[in-house]
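Chain letters run A, B, ... following the sequence lines, proteins first, then strands; residues in each count from 1.
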Amino acid sequence: MKLQKNIPLVLFVFAVNSLVMGCGGKEEPSTQGAESEGKKETTTSEATSPVDMATAATINGKVLFEGTTPKMKKIDMAAEVTCQQMYPEGPRTENVLVNENGTLRNVFVYVKEGLGDMEFPTPKESVLLDQKGCRYYPHVIGIQAGQPLKIRNSDPVAHNIHPKPKNSKSFNISQPVQGMETTKKFSKPEIMVPVSCDIHSWMSAYVAVLDHPYHSTTGTEGTFELKSLPPGEYVIEAWHEEYGSQTQTIQVGEGETKEINFTFKPET
Amino acid sequence: MKKIFLLLVGLAFKQRRSSILCVLLAPAAGAGVLCVSAVNSLAQDAKIPETPENIEAGRKIYQESCIFCHGEKGKGEGHIADYLWPRPRDFTAATFKLRTTASGEVPFDSDLFQTITNGIPGTAMPEWGSLLSEKERWQVIHYIKTFAQGDYDEPPAKANLGKKIGASKEIINEGKILYALMKCWQCHGKEGRGDGPSAYDLKDEWGFIIPPADLTQGWKYRGGSRVEDIYTRFSTGMSGTPMPDFTDAAIFLNREGYQNLTPFEPVYTEEELQEIKTYIETLPTLEELGGFSEEKKAELSNRRRWALAHYIRSLITVEGPNGDVVIKSEEVEGDLPMDPDNPLWEKAKPLIVPLTGQVITKPRWQIPTVQTIFVRALHNDQEIAFLVEWSDPSQDTLHEGSDWPSVGQTSTVDTETEDTYPLLSRRENPAGSRRDALSIQFPTKIPVGPQKPYFFWGEKGNPVNLWHWKSDWQVDLERETPIEKFLAKGFRQWPEPEPPESQNVEGSGIWRKGQWRVILKRSLTTEEKEIQFEKGAFIPIAFQAWDGSNGEVGYRMSLSSWVYLLLPKAKSLRVYFNTLLGVILAVGFESWLVRRVRRKKN
């Protein structure tokens, strides 16, 4: 990696630790499944970041939803009883999840432009993509190019993991055993890599592959936070699988915290 | 269709390479795309360097030999691509099914060499080993790699392929349990007939539906059916398709991973589950597994994968079509068996008849379920019975509407309907509203010389009879027979039912474990104006099939070309040889016709 050469040039060396914490699912993870794991997986790090934490800024906010909440389609999981049992009210698709406070879940918010040619270390710690109840947890995740993606099958049924990236190499592996874990990587940035399981056609997840750590996925509160940003002007994009993406340009000064909100409306 | 047919013929002749003919003419002639190739052993190090000259030479070869399928830009969109299924590979994606590299990697050049040399069985991809020199094959490989420049920059990682372990009863048994534990049945079905619970929604990376392979039909394995080929396929996965890589899975098997066996219950019997449980007890615990060295894990994975490969190989129970075209009926004493399980049927050798999708008239149909049927015949001094068997993952015994989409409209065939290219999931055609069906087709009299009726429902002045077996009639207890006899005078009008008094074909059928087995019976001779089963004569016979849950009705069907039925004359060999001579002459005449067309073209 080019990065290795640049490391000596970096004046302030900080553990990426806090940085990653700021961008993960944190206090309101988007899905139950990833909650505990998500944290555990991303806390140990020795990599270094080019950012001066003393002047670092934060952008946070909410993603709001306006309009009538669409009803999600029922999923016919009759073929997998062990999965179906996990949904007392019957499983439904997760394309649009509107929270009780009127915010939208599973929106991926990230820095689209503004980091120039800064290079960020590739985190060594993995991000977890779990399969539970014949669903992916989380449904939308962010990862850095080259960062390990740990894929786990928590179900007693077989899954095959078949992402379809355009920029990186694809793969298609089988996990027929409960508890099986496989670690894979995507080498090049891409918004979004769709992930699916051929055995269960309803399963779908999205992996955002970035070359920096500034991303956040909205959870049950519909909030996001991009921490430890160098001061500057950024184009922030909010991506949603049904409603597409929106961008906003925002400037943050040294040590500043700024709030922006996005609003998604279904087209009528 | 005519245009395409001419195009194909033209192209084939332009090639002046007749062995490609069988592939190219297949859709037009309904002959079945079956140019099965033997797996050659290859000189892999004879690779020639990737120089601009060699790439340029490769481009010329490509334009002459590959372009009409794989397209000018290598996107798999050649002129005839829309008539093929599976579709020709899109080279711009650098995604290949047949590799010895790890999942997601590009293939080695030697993998491409192997594929191009041997062709891809069960698809339109011809075998080029006899048509292009070794050098030319390497050159064309250098050229097709230019369609995805950059993707081949990094050398691919080799798949984890270990040393071969030989077959034994024990290892095949282990393979059978591994087939259950690794859940191959999820797609391929318990018996390997391609009828697993997840078999119906599968799509390839280009969005086209792709059924899981029917593992009992080895001659259609894309990468060959030697045990080594099978081992390689599930160790690498088949990129671009749902078929995954199982190398890591074969390592990871452990006791804790199989605590909950609920997912097996709908598929495996109590007894089989007991066997599975016993095997699970022999697996390492997670903790033990964690303590294994890498070598030990690799060894375990390798043994399990060979066991699985030997088991899959053992599922291939019947040979592929071998060029035979004669169903030889065997004579039996007493009643003809109406139960397919009756051991009398084993007396008759089955003829394997290839079927292809109907692409002669609209709507064309490239994704038929039934692509191979097995036909046997038995007769006594009064009657003849046929046993027809074919794989069909679903039993569809309901039918809405009439026999043909628009019965009665004898003169107007719906030519407006768009061709239906398979973009849909098979599930989107609601199962249950269309029946499964089979037709046996005979000319109305034994033809003289090559004057057979057209193989697709005959023609005006040269009609055919269809013995049309219907699954919904099969389950309807009020009916005396599940078979209705039709008269067809060409595909431009729907066949018409024969009057009730001349309905004389009996039959019965059962569906079990992804397979239909249907018996059709009639008297050897009748008073009707229809085929009379004379001994010693070569009687043309053809087949059509429909799978209801695949949305097959009317022209959406698969069909065969003419084959022959022979009731041997016990004594007089002379007559037999005379008629055989007649058949040979007829075949000779047909190929003479073809040669004449060729000469004209040139």
Side-chain angles (χ1 to χ4, degrees), chain A residues 73 75-86 131-134 146 149-188 193-204, chain B residues 93-95 102-106 151 154 156-157 178 180-187 196-205 210 212 234 236-266 283 286 289 425 427:
Chain A
K73 283 202 204 109
I75 300 173
D76 179 7
M77 272 194 208
E80 294 290 16
V81 183
T82 45
C83 288
Q84 195 180 32
Q85 283 165 352
M86 296 174 72
Q131 297 156 99
K132 208 189 257 174
C134 296
L149 176 69
K150 185 187 278 186
I151 305 158
R152 175 187 299 160
N153 181 3
S154 299
D155 285 326
V157 310
H159 293 299
N160 73 308
I161 300 91
H162 192 170
K164 299 186 177 87
K166 291 202 177 71
N167 302 342
S168 311
K169 282 177 188 160
S170 68
F171 55 86
N172 177 6
I173 48 161
S174 165
Q175 291 193 330
V177 196
Q178 187 166 29
M180 184 169 170
E181 287 180 353
T182 313
T183 301
K184 289 279 173 184
K185 288 174 184 169
F186 294 108
S187 57
K188 306 226 171 64
V193 177
V195 179
S196 56
C197 170
D198 295 295
I199 298 175
H200 308 109
S201 54
W202 61 81
M203 288 175 70
S204 116
Chain B
T95 300
S103 177
E105 300 279 343
V106 293
D151 287 348
E154 275 174 58
L178 289 167
L181 288 185
M182 309 253 258
K183 298 177 182 136
C184 310
W185 48 268
Q186 198 67 63
C187 293
S198 301
Y200 305 95
D201 295 318
L202 301 179
K203 288 194 183 145
D204 68 17
E205 285 185 17
I210 178 167
F234 63 77
T236 61
M238 297 172 79
S239 298
T241 84
M243 173 66 202
D245 161 11
F246 283 87
T247 310
D248 287 349
I251 299 175
F252 193 76
L253 301 187
N254 66 80
R255 225 175 289 170
E256 288 92 326
Y258 292 107
Q259 287 310 302
N260 183 347
L261 295 183
T262 327
F264 293 88
E265 279 160 15
L283 291 174
L286 255 185
L289 186 68
S425 149
R427 281 247 171 90

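- Glu80(A) touches chain B through its side chain: at least one heavy atom from C-beta onward sits under 4.5 Å away, while N, CA, C and O do not.
- Put simply, CD on Gln186(B) and NE2 on His200(A) are 5.0 Å apart, with the number rounded to the nearest 0.5 Å.
- Smallest separation of non-hydrogen atoms from Gly257(B) and Val177(A): CA-CG1, 3.6 Å.
- With chain B as partner, the option from Ser170(A), Cys83(A), Ala79(A) having the largest number of non-hydrogen pairs under 4.5 angstrom is Ser170(A).
- Separating the CG atom in Leu286(B) from the CD atom in Gln178(A) is a distance of 10.0 Å, to the nearest 0.5 Å.
- Looking at Lys169(A), its side chain never comes within 3.5 Å of a backbone N or O of Gly104(B) through a donor-acceptor pair.
- When every heavy atom of Phe246(B) is checked against every heavy atom of Ser174(A), the shortest pair comes out as CE2-OG, 2.9 Å.
- Only the side chain of Leu202(B) comes within contact range of chain A, with at least one heavy atom under 4.5 Å from a heavy atom of that chain.
- With values rounded to the nearest 0.5 angstrom, Thr82(A) atom OG1 is found 10.0 Å from Glu265(B) atom CD.
- Interatomic distance, NE2 of His162(A) versus CE of Met243(B), reported as 12.0 Å (0.5 Å rounding).
- In this structure, OG1 in Thr95(B) is found 11.5 Å from CG in Asn172(A), a value given to the nearest 0.5 Å.
- For Ile251(B), no part sits under 4.5 Å from any heavy atom of chain A, backbone or side chain.
- Counting non-hydrogen atoms of other residues, nucleotides and ligands closer than 6.0 Å to NZ of Lys164(A) gives a total above 12.
- In plain terms, the two heavy atoms of Ala249(B) and Pro176(A) that are nearest each other are CB-CD, 3.3 Å.
- Looking at Thr182(A), only its side chain comes within 4.5 Å of chain B, counting heavy atoms on both sides.
- For chain A, the nearby part of Thr241(B) is the backbone; its heavy atoms alone come within less than 4.5 Å.
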